[in-house]
2 protein chains.
Amino acid sequence: MASDQTRTAILAAAERLYADRGFADVTLRDIVAEANVNLAAVNYHFGSKDELIAELFVTRSIATNRERLHKLRAAEEKGGGRADIDEILRALVGPTLRGCLGPENQRSTAARFMIRASIESVPPIRRIKNREIDHLRKFAAAMRRALPDRDEVEIFWGLHFALAMAHHTIRESERLTKLSDGKCDLDDVEVIIERVVSVAVAGLRGAETQRSNTTTAPRRTAPLLR
Amino acid sequence: MASDQTRTAILAAAERLYADRGFADVTLRDIVAEANVNLAAVNYHFGSKDELIAELFVTRSIATNRERLHKLRAAEEKGGGRADIDEILRALVGPTLRGCLGPENQRSTAARFMIRASIESVPPIRRIKNREIDHLRKFAAAMRRALPDRDEVEIFWGLHFALAMAHHTIRESERLTKLSDGKCDLDDVEVIIERVVSVAVAGLRGAETQRSNTTTAPRRTAPLLR
DNA sequence: GTCTATAGAATGATAGAC
DNA sequence: GTCTATCATTCTATAGAC
């Protein structure tokens with residue numbers, strides 16, 4: 001099958017070029033030159049430039065989501081149907097962070113591609129991300145099982161904030177390094193995961209002491225900390 | 001000054017179209033048609049499409065940053081040179097969130113434009129965001145004055161996570177609404193600000209009890225919460 | 001200085017030959 | 001399945017009118 005060779009060559013070349021130079025700088029002509037195939041082959045195999053990008057991103061996303069769910073199930077089985085909240089959050093943010101962070105010189109092409117996808121967020125990639133809700137619902141459900149007394153709204157905010165910290169760390173790792181003058185270590189992924197999980201859990205804990213059984217709104221707080 | 005009319009018409013038309021339809025769908029030809037000016041006027045007044053986008057974004061950013069710093073100074077003066085940590089974080093995330101969130105039908109063109117800028121992050125906008133570090137350093141410095149015992153690294157992570165939650169809430173407000181089936185109220189901005197601030201503060205508080213005087217790494221924690 | 005008309009260069013997409 | 005040739009659209013650049 002010569003077709004598959006061409007297809008694969010295009011995928012590999014595109015992922016490498018996008019990872020190296022970003023989406024804005026890479027044209028179809030750059031990709032076909034790198035893959036040593038004809039310009040029209042991209043449209044034949046993928047339909048359009050956007051669908052090529054979508055296929056690259058979907059492939060990597062599916063792998064990450066599969067790993068997330070696998071870890072979620074393992075955690076729930078270990079706890080007999082109810083996992084600890086920090087285990088659930090670790091299953092949520094761990095695979096994503098491990099797939100994108102770590103020492104810069106050790107990052108695979110796939111990792112660098114996913115970082116670009118996170119930072120530049122072109123239309124085809126946004127469209128795919130918007131379909132992730134069903135996937136996230138499974139984590140929300142697990143979190144509710146872990147914290148049956150917590151208000152449902154707090155669960156959603158906790159999930160949302162955990163993802164916020166994980167994705168923002170991927171998107172802005174360079175800025176955080178500069179801001180902290182290199183003092184924030186972005187190479188040790190496991191430590192970062194624990195950091196994200198512990199802040200998310202602390203937020204959920206605060207939700208109980210401050211908000212449960214009253215209203216869904218956080219109180220306007222006096223200085224919580226000196 | 002006829003020049004100013006043309007220039008202003010382009011800026012207004014561009015902001016409106018980008019706000020309504022996003023960066024990917026709007027061409028220079030769309031903008032000049034909406035503004036009733038000639039195509040070449042864009043290049044004459046702004047140099048390029050990217051510089052037009054940059055000018056739109058810079059104008060709004062400067063206003064937000066000015067408000068942030070104003071609130072930061074007010075908080076520090078009130079405390080005699082040392083503000084409460086939650087006041088600092090409120091000055092950091094408040095103006096941004098107030099500028100972008102709130103009831104959808106009440107959002108100004110400027111607000112909708114800034115939401116697009118957050119979600120789509122085209123190259124000219126990314127370039128400007130990368131220059132924000134000096135601005136953020138002022139908040140890091142104020143946080144250090146507020147929490148002189150806290151490890152410097154924890155300050156940077158706290159600042160980083162607060163921004164993460166604020167920006168992710170702007171970027172993904174639609175997804176959070178869908179995920180929570182409308183139960184998370186994204187219209188009451190003040191409540192959201194308090195929520196972001198309280199989680200960020202809870203994370204910083206955790207940093208003291210768990211991590212200070214030992215290592216920069218968070219411990220791998222046993223279940224923190226049931 | 002300000003604006004218009006127009007040409008140039010590059011890109012993604014496609015029709016049709018092989 | 002592959003390739004050549006070509007098209008329509010886009011941003012950019014410039015010459016010259018006002």
Side-chain angles (χ1 to χ4, degrees), chain A residues 1-58 113 116-117 120-128, chain B residues 1-58 113 116-117 120-128:
Chain A
M1 254 204 248
S3 92
D4 215 45
Q5 271 180 24
T6 301
R7 219 188 116 86
T8 307
I10 293 170
L11 286 169
E15 187 168 50
R16 189 159 5 110
L17 288 178
Y18 286 138
D20 287 346
R21 291 159 38 192
F23 292 99
D25 271 14
V26 176
T27 70
L28 283 188
R29 283 168 175 80
D30 293 333
I31 294 170
V32 298
E34 180 87 0
N36 277 309
V37 301
N38 188 273
L39 174 59
V42 174
N43 280 312
Y44 175 75
H45 285 285
F46 301 96
S48 72
K49 184 189 190 181
D50 277 8
E51 288 170 275
L52 165 61
I53 294 175
E55 170 139 351
L56 284 169
F57 184 72
V58 163
F113 173 83
R116 291 282 185 190
E120 307 195 4
S121 87
V122 288
I125 290 177
R126 279 201 307 279
R127 280 191 281 273
I128 293 165
Chain B
M1 257 205 242
S3 93
D4 217 44
Q5 272 180 23
T6 302
R7 216 187 118 87
T8 307
I10 292 171
L11 286 169
E15 186 169 52
R16 191 160 3 111
L17 288 178
Y18 286 139
D20 287 345
R21 291 161 37 193
F23 293 100
D25 270 15
V26 177
T27 69
L28 282 187
R29 283 166 173 82
D30 293 332
I31 293 171
V32 297
E34 180 88 359
N36 278 308
V37 301
N38 188 273
L39 173 61
V42 175
N43 276 28
Y44 174 75
H45 285 285
F46 302 96
S48 72
K49 183 188 190 180
D50 277 10
E51 287 170 275
L52 166 61
I53 294 175
E55 171 138 351
L56 284 170
F57 184 73
V58 163
F113 173 83
R116 291 281 186 192
E120 307 195 6
S121 87
V122 288
I125 290 177
R126 281 202 305 279
R127 280 191 281 273
I128 293 165

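Every heavy atom of this structure was used, including side-chain atoms; hydrogens, water molecules and symmetry mates were not. Keep in mind it's a predicted model, so treat the numbers as computed, not measured. A, B, ... follow the sequence lines: proteins, then strands. Residue 1 opens every chain.
Looking only at side-chain heavy atoms (C-beta outward), A/L11 and A/L52 come within less than 4.5 Å of each other.
Rounded to a whole Å, the CD1 atom of B/I31 is 14 Å from the C1' atom of D/dT12.
Using a cutoff of 4.0 Å between basic side-chain nitrogens and carboxylate oxygens, B/D20 and B/R116 are not scored as salt-bridged. A/R7 and A/E55 are joined by a salt bridge, as a carboxylate oxygen and a charged side-chain nitrogen come within less than 4.0 angstrom of each other.
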Quick one, give me the B/S/- string for nucleotides 4-15 of chain C, reading 5' to 3', where B means a protein heavy atom under 4.0 Å from the base and S means that only happens at the primed atoms, P, OP1 or OP2.
BB-----BBBB-
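Relative orientation of the B/F23 and B/F113 rings is perpendicular, given thresholds of 30° and 60° on the angle between their planes.
Within the structure, a side-chain polar atom (N or O) of A/H45 is placed less than 4.0 Å from OP1 or OP2 of D/dT2.
Under the 3.5 Å distance criterion, with hydrogens and angles disregarded, a donor-acceptor pair is assigned to the side chains of B/S48 and B/E51.
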